[in-house]
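Have a look at the structure below, then the notes.
A note on names: the letters A, B, ... follow the listed sequences, proteins ahead of strands, and every chain is numbered from 1.
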Amino acid sequence: MDRYNFKSTEEKWQKFWEKNKTFKSSINKDKKKFYCLEMFPYPSGKIHMGHVRNYTIGDVLARFKKLQNFNVLHPMGWDSFGMPAENAARENNLDPKEWTEKNISTMKTQLKRLGLSIDWDREISTCSPDYYKHQQLFFLELYDKGLVYRKENYVNWDPVDQTVLANEQVIDGKGWRSGAQVERKKLNQWFFNISKFSEQLLDGLDNLSEWPNKVKTMQKNWIGKSFGCEIDFKIEGDLPVKNIKCFTTRPDTLFGFSFLALSVDHPLSKYFENDLEFKKFKSECSKTGTTEESIAQAEKIGFKTNLLAINPMDSKMKVPVYFANFVLMDYGFGAVFGCPAHDQRDFDFAKKYQLNIRTVVRPKDKTDDFQVKNQAFVEDGLMINSSFLDGLTTPGEAIEKSIDYLTKNKLGKKKINFRLKDWGISRQRYWGCPIPIAYDKNGNIVKVPKKMLPIKLPEKIELNTKGNPLDHQKKWKEIQINGENCTLDTDTLDTFVDSSWYFLRFCSPENNQYGFNEDEVKYWMPVDQYIGGVEHAILHLLYSRFFMQALSFDRQSSIPTEPFKGLFTQGMVCHETYKDENNRWFSPDEVYTENGKDFFKIKDKKKILVGPSESMSKSKKNTIDPEKIINQYGADAVRFFILSDSPPEKDVQWSDQGMIAAYKFVQKFWILHQKITEEIKNKKRKNENIDLTIYTNKLVEKFTFSLEKFNMNVLIAYLHETYNFLNKEIEKLDIKDLKENYLKILILIFPILPHLASECIKDIQKNLNLSWPTTQKEYLEEKFVNIVIQINGKKKSLIKIEKNLDEKMLIENVMKDKKISTFLEKKSVFKHIIVKNKLVNLIIK
RNA sequence: GCCCUCGUGGUGAAAUUGGUAGACACAAAGGACUUAAAAUCCUUGCCCUUUUGGGAGUGCCAGUUCGAGUCUGGCCGAGGGCACCA
């Protein structure tokens, strides 16, 4: 018996697939299409286990669908713009382009070694001008449609490095590199008008039946639709301000109004710019950074103005106007009406500044003299102290009635508000797609004409400068448009833009005129199954959905408005973490154990503290290098293991033992295969005692069922079961119809272990045009069935009996059963429940 | 605080959707083969009983049902998301 040489076999088949262009895809309208896509990787250096899991899951599905005779599109590309390249380049004095290209080449080789069924002819890379020139054109297209605009916005500013920081570069309010206190600074930036599509993006979720509910809920919350009303408060005071607009979801509580709070960025703040106290207050607010979380952690503080706001419900009620740090200019109108009795945040603020607290809602089980004391009452109730609203249930009736009143008296109107903000796309970075916009001498916006695209990034430039690198490229910035000297925008696009349409580019990667060819997009789109990490549940997926809306908007012909028909979010790959007593991390390679409990450093045998299993990350050093594992055990074994232990949507725990078990499976299957081929060749077989057909038909049925449900861990269990069954029977008995059934089994194995399966199939037949086995009803059920016998619903016995026996015969047989008959002595059966061919439940008294 | 998801052996987990709980795998213990080891194979797994067998059992407490891991309500616990959102 030969040992299975995974190395030469895997190499052989990978070459075979490449040479025969097995995975090349093209439009074929006679076939049903299946677009299988996994989130494309960022080329950070080497592939990690997360990639292995993601792409294995996708590959099993793509190969399965191909066997089911779908016309499968399964492409791969590189999300190759982004900060890591720029940082790496800066640290090692390299060119980001060279660094990226080197990584792509390494990772491509690694991915190929996994034996993925990818159409590499469609490979794309977002940092290539061939890709981003189309993106620049899209930018201009969206600009013409009015979906791109420029406005001032706050950024995290590092005053030492003179640069803008991403949120993750701000650590405890300080710049990650310089350590300087980060400031909020206003910059002119480009925005996509994603909020224009709030309603469509929200409604669209209802039709995405193949998306996880979790993701849909997250997007729903992110879009944040709320119903309420817009109120125009009249203002009294010594400023030329007569009104302040405000959005509220609780107009019913207006009689409990005790202050009006404004964002420090509210337009009204301009009247206080020279007020020293206000300046101090504002800078206090600005220290909290731009993330919503950091604002949240700050203490509630306010700055009192001399203005008074008049209650629209009762003009005699006048309340003070504050600036407050908890009010965001981005939401509503940057103004909040404060009702301390029925909002905890307002309550805290009112207590701090000793403001009036008037109770206007009482719990249903309390009387009208109910008063809010130590905390706000925020639950449903009945209106009190509220004039014409008194006695109404709230929120329901009271909100309706108060909006009616405000509308009739022209003090406000019904309004739907969305939390979703427009998407800021300007980044003050080098390694990204240049924005195809220039400015003339007067600073007016000038579009770069289509024929001048792409605006290419300058190569090999100095990156160790302060501020935005492209700003220093004097020659590059200068551009002549229609004979006029202009200056290019020196910002680049957020890399989320790159990934918002790459799935369209895969449909027609060669198309030179436009980002995609409409006919091809109409054939392939939408993506039938998209697979990736749940960390992209909101931004990437929402932006991609927006992009389809934006491209469809005002378009002559129709393209799909939803990019991803099916979505699957896989879990992460985890490993224990190791630390020594100095809190230094150690990788699994650096430690050893003898009993599986106590771990020691290999180097000096010192004790290691074992931490919880966490998602593999470089910083915690709990990674396992896929390349090393592939070298050691082969691609098939890795694919087998990564699917085996947990359902794909859950986190999986890396286990060396599990990996070895997977390797052993491949090896012992090969031995079994040789026994089986020997058996097939041996024509003298006489006693064909075992009919494999029923087993195989059942297997095909449950295998297909589980595969379609993405229960890949269960597939692995079935393979173990099948191996155990075949191995046991082949040693004892001759098997009928062995060849036909074994071939079917090999095809089931093929999507998971494509190299091994190909090698085995080749021994049985020359033809490698395979198709997924179908089942025949008559073979799905055996002549005999197991009947569970219960007494009062508890299992007491089990009998094997002829199928479809009539009720009388069945009961007779049940009564004959020894266990049952002894049990029933001196007792009478009161009634029985029969589940056909499955179960008999005897009810006794 | 609100929303979502999930609680099954020592571990990862199955359970075809209300009908044999723990498939399959890992780990452990015992055994077989072997001079020995590795590899391989077999057995065991909670409680009572020598065995035959019996009982309990899917986080906890109720309920619906002939029958509940699965459905309903309440509680406890874990994980994730959102949030001074007006």
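Every residue two or more places apart in sequence or in another chain that forms a side chain to side chain contact (heavy atoms under 4.5 Å, CB included) with A:K728 is listed here: A:K732. Taking the side chain to side chain contact (heavy atoms under 4.5 Å, CB included) definition, one finds that A:I416 meets it with A:K225, A:F227, A:F418, sequence neighbours left out. Checked against side chain to side chain contact (heavy atoms under 4.5 Å, CB included), A:Q344 has the following partners two or more places apart in sequence or in another chain: A:F347, A:D348, A:Q375, A:A376. Residues that satisfy the salt bridge (charged side-chain N to carboxylate O under 4.0 Å, His left out) test with A:E210, not counting sequence neighbours, are A:K565. Residues forming a salt bridge (charged side-chain N to carboxylate O under 4.0 Å, His left out) with A:K351 (at least two apart in sequence, or on another chain): none. Partners of A:R545 by salt bridge (charged side-chain N to carboxylate O under 4.0 Å, His left out), not counting sequence neighbours, listed by chain and number: A:E562. Residues passing the side chain to side chain contact (heavy atoms under 4.5 Å, CB included) test with A:K702 are A:L699, A:Y718, A:E721, sequence neighbours excluded. With sequence neighbours excluded, the residues satisfying salt bridge (charged side-chain N to carboxylate O under 4.0 Å, His left out) with A:K620 are A:E614.
Straight-line distance between the P atoms of B:C24 and B:G73: roughly 36 Å, to the nearest whole Å. Comparing B:G69 with B:U8, their P atoms are spaced 14 Å from each other, to the whole Å. For the P atoms, the distance linking B:U49 with B:C26 amounts to 34 Å, nearest Å. The P atoms of B:G9 and B:C60 are separated by 10 Å, rounded to the nearest whole Å. Using atom P as the reference point in both B:A14 and B:A25, the two lie 15 Å apart (nearest Å). Comparing B:A13 with B:C2, their C1' atoms sit 32 Å apart, to the nearest whole Å. When the P atom is compared between B:A83 and B:U70, the two are found 35 Å apart, to the nearest whole Å. Here the separation of B:G59 from B:A21, taken at their P atoms, is 16 Å to the nearest Å.
Checking B:A86, B:C84, B:A83 against the side-chain heavy atoms of A:R419 singles out B:A83 as nearest. Side-chain atoms of A:K795 lie closest to B:U20 of the nucleotides B:U20, B:C24, B:G55. When the nucleotides B:A25, B:A86, B:U20 are ranked by their closest atom to the side chain of A:A661, B:A25 comes out on top. Out of B:G81, B:A86, B:C84, the shortest distance to the side chain of A:N325 is found at B:C84. For A:T217, counting side-chain heavy atoms from C-beta on, the closest listed nucleotide (B:C82, B:A86, B:C3) is B:C3.
Close to B:C85, at under 4.0 Å from its OP1 or OP2, lies a side-chain N or O of A:R345. OP1 or OP2 of B:A27 sits under 4.0 Å from a side-chain N or O of A:Q657.
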Which atom pairs link the protein and nucleotides 14-18 of chain B when you take only N or O atoms and keep those under 3.5 Å?
| residue | atom | partner | partner atom | Å |
| --- | --- | --- | --- | --- |
| B:A14 | OP1 | A:N713 | ND2 | 3.1 |
| B:U17 | O4 | A:K709 | NZ | 3.1 |

Restricting both atoms to N or O, compile the protein contacts to nucleotides 65-67 of chain B shorter than 3.5 Å, with distance only.
| residue | atom | partner | partner atom | Å |
| --- | --- | --- | --- | --- |
| B:C66 | O2' | A:N841 | ND2 | 3.4 |
| B:C66 | O2 | A:N841 | ND2 | 2.4 |

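Looking only at atom types and distance, the side chain of A:N697 has no donor-acceptor partner in the side chain of A:T775 under 3.5 Å away.
Atom NE2 of A:H266 and atom C1' of B:A86 are 13 Å apart (whole Å). If you take CD1 of A:I834 and C1' of B:G19, they are 14 Å apart, rounded to a whole angstrom. Between the NZ atom of A:K421 and the P atom of B:C82 there is a distance of 12 Å, rounded to whole Å. Atom CG in A:L539 sits roughly 13 Å away from atom C1' in B:C82 (whole-Å rounding). To the nearest angstrom, C1' of B:C2 lies 15 Å from NZ of A:K220. At whole-Å resolution of the value, CZ in A:F725 and C1' in B:A25 are 20 Å apart.
In summary, the aromatic rings of A:F323 and A:H266 are positioned with their centroids too far apart to meet the 6.0 Å limit.
Using Watson-Crick or G-U wobble geometry with both donor-acceptor distances under 3.5 Å, B:U65 finds no partner in any strand shown. Across the strands present, B:U44 finds its partner in B:A28; the criterion is a Watson-Crick or G-U wobble pair with both atom distances under 3.5 angstrom. Nucleotide B:C2 forms a Watson-Crick or G-U wobble pair with B:G81, both donor-acceptor distances falling under 3.5 Å. Pair assignment for B:G7: B:C76, on the basis of Watson-Crick or G-U wobble contacts that are both within less than 3.5 Å.
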| What string of B, S and - do you get for nucleotides 39-49 of chain B 5' to 3' if you count protein non-hydrogen atoms under 4.0 Å? | -S---------

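In terms of position along RNA chain B, the nucleotide closest to A:D645 lies nearer the 5' end than the nucleotide closest to the other residue of the pair A:A335 and A:D645.
In terms of heavy atoms, A:L260 sits closest to A:A309 at CD2-CB, 4.0 Å.
A:T249 comes within contact range of the sugar-phosphate backbone alone, with a heavy-atom separation under 4.0 Å but no base atom that close. Among the atoms of the strands shown, none is found under 4.0 Å from any heavy atom of A:K415. Across all strands shown, A:N213 has no heavy atoms under 4.0 Å from either base or sugar-phosphate atoms. Contact annotation for A:V534: no contact, since no heavy-atom pair falls under 4.0 Å across all strands.
The salt bridge (charged side-chain N to carboxylate O under 4.0 Å, His left out) pairs that include a residue from residues 644-673 of chain A number zero, where partners must be two or more places apart or lie in different chains.
No more than 12 heavy atoms of other residues, nucleotides or ligands shown are found within 6.0 angstrom of NZ on A:K234.
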